[in-house]
Asks: 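Sending over a structure as structure tokens; questions will come in a sec.
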There are 2 protein chains.
Amino acid sequence: MPSNLDAQSIAPHPDHDHQACIDSALAAARELCRDKQQKLTKTREKVLQLIWGSHRPIGAYSLMDALAEGEQKRVAPPTVYRALDFLLELGLIHRINSLNAYIGCQDPSHEHHCYFLICTSCNLAVETDPGPFQAAVSQLKQQSGFAIRQQNMEFNGLCPHCRELSE
Amino acid sequence: MPSNLDAQSIAPHPDHDHQACIDSALAAARELCRDKQQKLTKTREKVLQLIWGSHRPIGAYSLMDALAEGEQKRVAPPTVYRALDFLLELGLIHRINSLNAYIGCQDPSHEHHCYFLICTSCNLAVETDPGPFQAAVSQLKQQSGFAIRQQNMEFNGLCPHCRELSE
DNA sequence: TTTATCGTGTTACAATATAACACATCGATG
DNA sequence: CATCGATGTGTTATATTGTAACACGATAAA
Ligand SMILES: [Zn+2]
Ligand SMILES: [Zn+2]
Ligand SMILES: [Zn+2]
Ligand SMILES: [Zn+2]
């Protein structure tokens with residue numbers, strides 16, 4: 001996990017140095033692509049950078065709008081979706097199913113399950129450690145007889161910042 | 001939870017008496033609507049019944065197709081979505097975000113979080129007990145500072161039946 | 001140079017969901 | 001009984017999210 005997050009919480013502080021998040025995410029992406037012999041093309045890198053524009057999930061069509069900024073032509077949906085598919089495949093981003101939106105992965109260096117806390121007020125999405133849940137998952141495998149391959153958790157509520165504001 | 005499920009697993013056995021599932025689901029729905037002073041209209045009841053047609057999530061447009069069977073006219077999307085909204089609101093059904101589809105709630109008598117195991121082969125979706133996960137959730141609340149209001153888990157894998165078939 | 005592979009451009013379309021407004025039903029109230 | 005308000009439905013149009021199919025271009029291996 002990146003180290004420039006609030007020490008008291010896994011949620012990024014509103015005042016944190018977010019450029020550092022972007023830089024380290026892009027650096028990690030380049031490294032991962034080198035390792036896996038995949039090409040981080042201009043389009044893919046731009047999409048990843050835009051996704052890392054915030055810690056909030058962003059939709060495919062918003063990404064198209066963002067890509068269009070300062071350009072002559074808009075890209076068509078397939079262009080964005082191909083980039084998203086590539087980034088998803090490599091684990092550089094996650095899809096938030098409840099929002100039809102995409103967010104950067106905090107730690108793409110190894111595959112992992114998709115566990116998120118999502119603020120219903122400001123849309124902040126924080127990736128969390130699946131570890132503490134694995135005992136319950138094991139039990140569930142036993143009881144259900146399912147061969148669980150993918151875990152996806154999306155919890156909603158108020159982030160620390162929005163809690164303060166709502167008091 | 002209904003009692004006509006396989007004793008060895010929380011997954012419904014392929015040969016179980018499914019009509020009993022439908023009947024008890026509809027009975028529970030009528031009771032809940034009476035308690036909450038809500039009207040289970042013809043459309044709403046029909047939609048609920050169709051959703052309970054299987055233990056697989058079904059999409060809104062498939063429901064529209066099913067509603068059209070043997071009828072002169074097709075209903076328009078808003079009709080189905082209104083019924084779905086009503087049923088979701090009352091907790092009679094759940095939405096499976098990863099599939100854009102809807103499935104009957106196993107136990108609508110009290111509010112609870114949405115925890116599902118979903119078979120990637122046959123689409124069987126089994127609702128599971130959030131209980132074993134709550135210790136980890138508490139810890140997560142502490143560490144994240146989030147006020148968690150809603151929990152949604154969707155785990156994918158092979159159901160017991162499909163595991164056997166794939167061996 | 002040829003060929004194969006990969007990434008992109010472009011057009012059209014599919015699938016899911018909602019907005020807005022008209023109408024009908026029905027029970028409460030006068 | 002007559003009227004009113006609340007709720008549910010019908011209807012049309014449209015928004016939002018995502019894909020299929022095929023053509024083109026760059027790159028790199030043979
Ligand atoms: Zn940041
Ligand atoms: Zn927030
Ligand atoms: Zn059944
Ligand atoms: Zn199965």
Side-chain angles (χ1 to χ4, degrees), chain A residues 29-30 32-34 36-51 56-68 71-90 92-103 118 123 125 152 154, chain B residues 29-30 32-34 36-51 56-68 71-90 92-103 123 125 154:
Chain A
R30 290 188 196 103
L32 190 69
C33 286
R34 192 171 349 101
K36 297 207 177 178
Q37 313 212 34
Q38 297 292 319
K39 290 174 198 158
L40 190 63
T41 63
K42 216 56 196 161
T43 307
R44 292 167 177 173
E45 182 169 334
K46 186 67 184 165
V47 168
L48 181 60
Q49 186 180 321
L50 287 169
I51 288 174
R56 296 172 172 78
I58 181 172
Y61 281 73
S62 299
L63 281 169
M64 286 178 53
D65 294 343
L67 280 170
E71 302 291 328
Q72 324 290 346
K73 302 191 59 175
R74 294 182 64 82
V75 301
T79 298
V80 167
Y81 280 102
R82 285 167 185 151
L84 290 172
D85 288 344
F86 174 86
L87 297 170
L88 284 168
E89 188 71 27
L90 255 74
L92 289 166
I93 61 173
H94 294 288
R95 182 175 200 275
I96 304 295
N97 288 323
S98 58
L99 299 174
N100 296 333
Y102 307 84
I103 191 165
I118 304 160
N123 262 89
N152 188 289
E154 294 173 23
Chain B
R30 290 190 195 101
L32 190 70
C33 286
R34 191 171 350 101
K36 296 208 175 176
Q37 313 212 36
Q38 298 292 319
K39 291 173 198 159
L40 191 63
T41 63
K42 218 54 196 162
T43 308
R44 292 166 177 174
E45 182 170 335
K46 185 67 185 164
V47 167
L48 181 61
Q49 187 179 320
L50 287 170
I51 288 175
R56 296 173 173 77
I58 182 172
Y61 281 73
S62 299
L63 282 170
M64 286 177 54
D65 294 343
L67 281 170
E71 301 291 328
Q72 324 289 347
K73 303 190 58 175
R74 294 182 63 82
V75 301
T79 298
V80 167
Y81 280 103
R82 283 166 185 152
L84 290 172
D85 287 345
F86 174 87
L87 297 170
L88 284 168
E89 189 70 26
L90 254 75
L92 289 166
I93 62 174
H94 295 287
R95 182 174 201 274
I96 305 294
N97 288 323
S98 58
L99 298 175
N100 296 333
Y102 307 84
I103 191 165
N123 261 82
E154 296 175 22

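All values below were derived from every heavy atom in this structure, side-chain atoms included, with hydrogens, water molecules and symmetry-related copies excluded. Chain letters run A, B, ... following the sequence lines, proteins first, then strands; residues in each count from 1. Fair warning: this is a prediction, and the values are worked out from it, not measured in the lab.
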Asks: Rounded to whole Å, how long is the line connecting atom OH of A:Tyr81 with atom C1' of D:dA21?
Replies: 18 Å
Asks: Strictly under 4.0 angstrom, non-hydrogen atoms only: write out the protein contact profile of nucleotides 9-16 of chain D, one letter per nucleotide from the 5' end, B, S or -.
Replies: BBBB----
Asks: Which whole-number value in Å describes the distance from A:Leu84 CG to C:dT8 C1'?
Replies: 15 Å
Asks: Please give, in whole Å, the distance from D:dG8 P to B:Leu87 CG?
Replies: 12 Å
Asks: Contact class for A:Phe86 vs. all strands (heavy atom < 4.0 Å): base, sugar-phosphate, or nothing?
Replies: nothing
Asks: With sequence neighbours excluded, tell me which residues meet side chain to side chain donor-acceptor pair (under 3.5 Å) with B:Thr43.
Replies: none
Asks: So, taking the atom named CD1 in B:Ile96 and the one named OH in B:Tyr102, what distance separates them when rounded to the nearest 0.5 Å?
Replies: 10.5 Å
Asks: The criterion is side chain to side chain donor-acceptor pair (under 3.5 Å); which residues satisfy it with A:Asn152, sequence neighbours excluded?
Replies: none
Asks: Figure out the CG/C1' separation between B:Asn97 and C:dT16, and round it to whole Å.
Replies: 13 Å
Asks: Please give, in whole Å, the distance from C:dA15 P to B:Leu63 CG?
Replies: 15 Å
Asks: Is any side-chain heavy atom of A:Leu84 closer than 4.5 Å to one of A:Ile51?
Replies: yes
Asks: Whole angstrom is fine here: how far is it from CG in A:Asn100 over to P in D:dT19?
Replies: 11 Å
Asks: Rounded to the nearest 0.5 Å, what separation is found between the NZ atom of A:Lys46 and the OG1 atom of A:Thr79?
Replies: 15.0 Å
Asks: Can A:Arg30 and A:Glu45 be said to form a side chain to side chain contact (heavy atoms under 4.5 Å, CB included), step by step?
Replies: CA-CA 9 Å; A:Arg30 290 188 196 103; A:Glu45 182 169 334; 2.9 Å; yes
Asks: Rounded to whole Å, how long is the line connecting atom CE of A:Met64 with atom P of C:dG9?
Replies: 12 Å
Asks: Quick one: B:Glu89 CD to D:dT7 P, roughly how many Å, whole number?
Replies: 14 Å
